[in-house]
Amino acid sequence: MLIVSRFKRTVRTYKEWLSRWHCLPVPAWIKAAEHYQKGDFAAAEALYKAGLVSHPQSPAKFNALLDLSHCLFRLRKFEEAENFMRQATIIAPHEREAYVRLARLQLWLGYASEAVWTMRVCVQRVSVDPELAALFITAVVESGGNAATVIEARELLAGLHCDGGFPKLEVARARLALLENESVVSRDNLSKLASIDRGPFEAVVAFAEVLLKEGKIAYARHHLHRSLVVAPEHPKVLRLLAQSYLSPGIFFEPEYGVQIALKACQATAWRGVHELLTLAQAYIASHDNSAALLAATRAKDVAARLIGAYPEVARIEQILQANDSGSQL
């Protein structure tokens with residue numbers, strides 16, 4: 001009976017494949033999808049790669065690349081994930097999903113300048129919608145927002161016609177306004193979005209970052225802990241929380257800062273410039289200059305391979321020089 005049930009399920013799966021793709025099934029990808037759905041990403045990875053070798057011209061290749069990239073992301077093989085996502089944008093240049101996933105991966109790693117370029121290509125090839133606009137603006141803000149990209153973001157907003165109801169876009173709009181003029185109204189808008197019960201994750205993290213800059217450590221931690229409930233391994237959330245333990249005063253606990261910064265670095269597979277720099281700062285605050293030097297050197301090496309300007313590099317140089325001279329920052 002079990003054999004009959006499996007046979008029927010296999011026949012049904014193959015019929016669905018033929019109906020969707022109009023080509024012969026790729027058995028490796030069908031098996032990969034089963035492992036993917038079970039959360040066995042390592043097994044799925046191997047099968048997706050095998051299918052790419054045996055059926056490089058399959059019409060289902062784009063979807064296989066996306067699924068493989070997700071498996072690699074979950075396994076923290078970020079460089080491979082990025083490479084396969086780029087392949088997806090090449091074979092299907094007008095499909096939005098590959099750009100969205102690639103930009104989100106780049107933002108996860110803190111590569112905001114790369115995410116700006118990814119989304120710039122996307123909005124040139126794909127009809128802009130609120131999600132794409134929000135992602136582009138977020139990348140602009142995260143990259144520091146030079147004059148040219150801010151103008152692009154403003155033009156994108158001006159040409160977007162929507163009736164509201166897109167919280168992520170409202171978060172991005174408020175962050176862009178804050179980046180430009182630090183207005184009280186923009187801060188209040190972000191605060192309202194962050195305070196909504198089960199409000200946008202992006203708003204909670206962004207407002208926590210604002211509170212940290214204002215020195216309101218306790219309030220910032222409250223929002224960061226809210227964010228961790230939703231995404232316990234998010235590197236930016238962990239990094240900001242680590243920074244909250246490095247602020248002078250009653251909240252200064254550098255040992256906790258080191259522990260949390262280590263988790264942030266692990267979440268990026270040691271490829272996040274911002275996270276590595278925070279770890280270096282935490283080590284310095286803990287008077288462990290040797291470890292600080294290692295983290296800072298790694299951060300500098302990663303930054304050297306990225307496009308765009310990373311202001312953290314100057315800070316890294318200061319850390320290296322301070323350690324070389326045996327001084328304390």
Side-chain angles (χ1 to χ4, degrees), residues 96-97 99-120 122-123 126-146 149-214 216 219-241 243-244 274:
R96 68 193 296 282
E97 188 62 24
Y99 298 104
V100 169
R101 294 193 188 192
L102 177 56
R104 285 177 176 164
L105 169 61
Q106 290 164 335
L107 288 172
W108 177 274
L109 295 173
Y111 303 168
S113 296
E114 280 80 356
V116 170
W117 280 100
T118 297
M119 292 311 300
R120 179 183 284 134
C122 178
V123 298
V126 180
S127 297
V128 179
D129 57 44
E131 182 184 15
L132 296 183
L135 198 49
F136 178 76
I137 296 167
T138 298
V140 168
V141 173
E142 293 283 338
S143 68
N146 64 51
T149 57
V150 168
I151 290 172
E152 286 184 62
R154 279 292 173 199
E155 290 176 348
L156 194 65
L157 273 176
L160 187 65
H161 303 289
C162 61
D163 300 325
F166 299 97
K168 291 183 180 181
L169 180 60
E170 295 309 310
V171 174
R173 191 194 304 271
R175 294 187 70 193
L176 182 64
L178 270 175
L179 180 70
E180 290 186 284
N181 54 35
E182 300 282 340
S183 73
V184 174
V185 174
S186 300
R187 184 194 182 282
D188 288 345
N189 288 339
L190 189 59
S191 174
K192 290 175 184 177
L193 288 164
S195 300
I196 298 173
D197 185 34
R198 298 183 181 179
F201 173 83
E202 296 80 2
V204 180
V205 179
F207 189 56
E209 189 170 15
V210 170
L211 291 169
L212 271 182
K213 291 177 180 177
E214 294 175 350
K216 299 175 181 177
Y219 290 117
R221 283 185 186 171
H222 166 71
H223 288 292
L224 290 171
H225 283 296
R226 286 178 61 203
S227 303
L228 285 175
V229 171
V230 178
E233 295 185 340
H234 198 289
K236 182 174 181 178
V237 178
L238 291 167
R239 168 168 56 86
L240 293 175
L241 187 59
Q243 289 174 0
S244 78
H274 309 283

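Just so you know, these numbers use all the heavy atoms, side chains as well, and skip hydrogens, waters and symmetry mates.
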Asks: Rounded to the nearest 0.5 Å, what separation is found between the NE2 atom of His223 and the CG atom of Leu240?
Replies: 13.0 Å

Asks: If you look at every heavy atom in Ala115 and Ala103, which pair is closest and at what distance?
Replies: CB-O, 4.0 Å

Asks: If you measure from CG on Leu241 to CZ on Arg221, what distance do you get to the nearest 0.5 Å?
Replies: 7.0 Å

Asks: Kindly write out the residues that satisfy salt bridge (charged side-chain N to carboxylate O under 4.0 Å, His left out) with Arg226, not counting sequence neighbours, or none if the list is empty.
Replies: none

Asks: Going by side-chain contact (heavy atoms from CB on, under 4.5 Å), name the residues that satisfy it together with Arg173, two or more places apart in sequence or in a different chain.
Replies: Leu157, Leu169, Glu170

Asks: Could I get the full list of side-chain contact (heavy atoms from CB on, under 4.5 Å) partners for Glu214, not counting sequence neighbours?
Replies: Arg187, Val210, Leu211, Lys216

Asks: Who passes salt bridge (charged side-chain N to carboxylate O under 4.0 Å, His left out) against Glu152, sequence neighbours left out?
Replies: Arg120

Asks: Please round to the nearest 0.5 Å and tell me the distance separating atom CG of Asp129 and atom CZ of Phe166.
Replies: 8.0 Å

Asks: Roughly how far, to the nearest 0.5 Å, is NE2 of His225 from OG of Ser244?
Replies: 7.0 Å

Asks: Using side-chain contact (heavy atoms from CB on, under 4.5 Å) as the criterion, list what pairs up with Asp188, not counting sequence neighbours.
Replies: Val184

Asks: Can you name the residues that form a ring pair (Phe, Tyr, Trp, His ring centres under 6.0 Å) with Phe136, not counting sequence neighbours?
Replies: none

Asks: Roughly how far, to the nearest 0.5 Å, is the CG atom of Leu102 from the OG1 atom of Thr118?
Replies: 4.0 Å

Asks: Measure from the side-chain N and O atoms of Arg175 to the backbone N and O of Ala206, and report whether any donor-acceptor pair falls under 3.5 Å.
Replies: no

Asks: Please name the pair of heavy atoms, one in Val140 and one in Ser143, separated by the smallest distance, quoted to 0.1 Å.
Replies: O-OG, 2.8 Å

Asks: Under the side chain to side chain donor-acceptor pair (under 3.5 Å) rule, collect the residues that match up with Thr138, sequence neighbours excluded.
Replies: none

Asks: For residues Leu176 and Ala153, report the shortest heavy-atom separation together with the two atoms involved.
Replies: CD2-CB, 3.9 Å

Asks: Any idea which heavy atoms bring Ser227 and Val205 closest together, and the distance?
Replies: OG-CG2, 3.5 Å

Asks: Report the distance from atom CG of Leu132 to atom CG of Leu156, rounding to the nearest 0.5 Å.
Replies: 8.5 Å

Asks: Would you name the heavy atoms of Leu178 and Ser186 that are closest together and state the gap between them?
Replies: CG-CB, 3.9 Å

Asks: Start with the C-alpha distance between Lys236 and His274, add both sets of side-chain angles, then the distance that settles side-chain contact (heavy atoms from CB on, under 4.5 Å), and finish with yes or no.
Replies: CA-CA 8 Å; Lys236 182 174 181 178; His274 309 283; over 6 Å; no

Asks: Check Pro130 against Leu160 and note the closest heavy-atom contact, atom names and distance.
Replies: CA-CD2, 4.1 Å

Asks: With sequence neighbours left out, what residues match Glu131 under salt bridge (charged side-chain N to carboxylate O under 4.0 Å, His left out)?
Replies: Arg96, Arg104

Asks: Listed by chain and number, what are the side-chain contact (heavy atoms from CB on, under 4.5 Å) partners of Glu202, not counting sequence neighbours?
Replies: Lys168, Val171, Pro200

Asks: Taking salt bridge (charged side-chain N to carboxylate O under 4.0 Å, His left out) as the test, write out the residues that go with Lys192, two or more places apart.
Replies: none

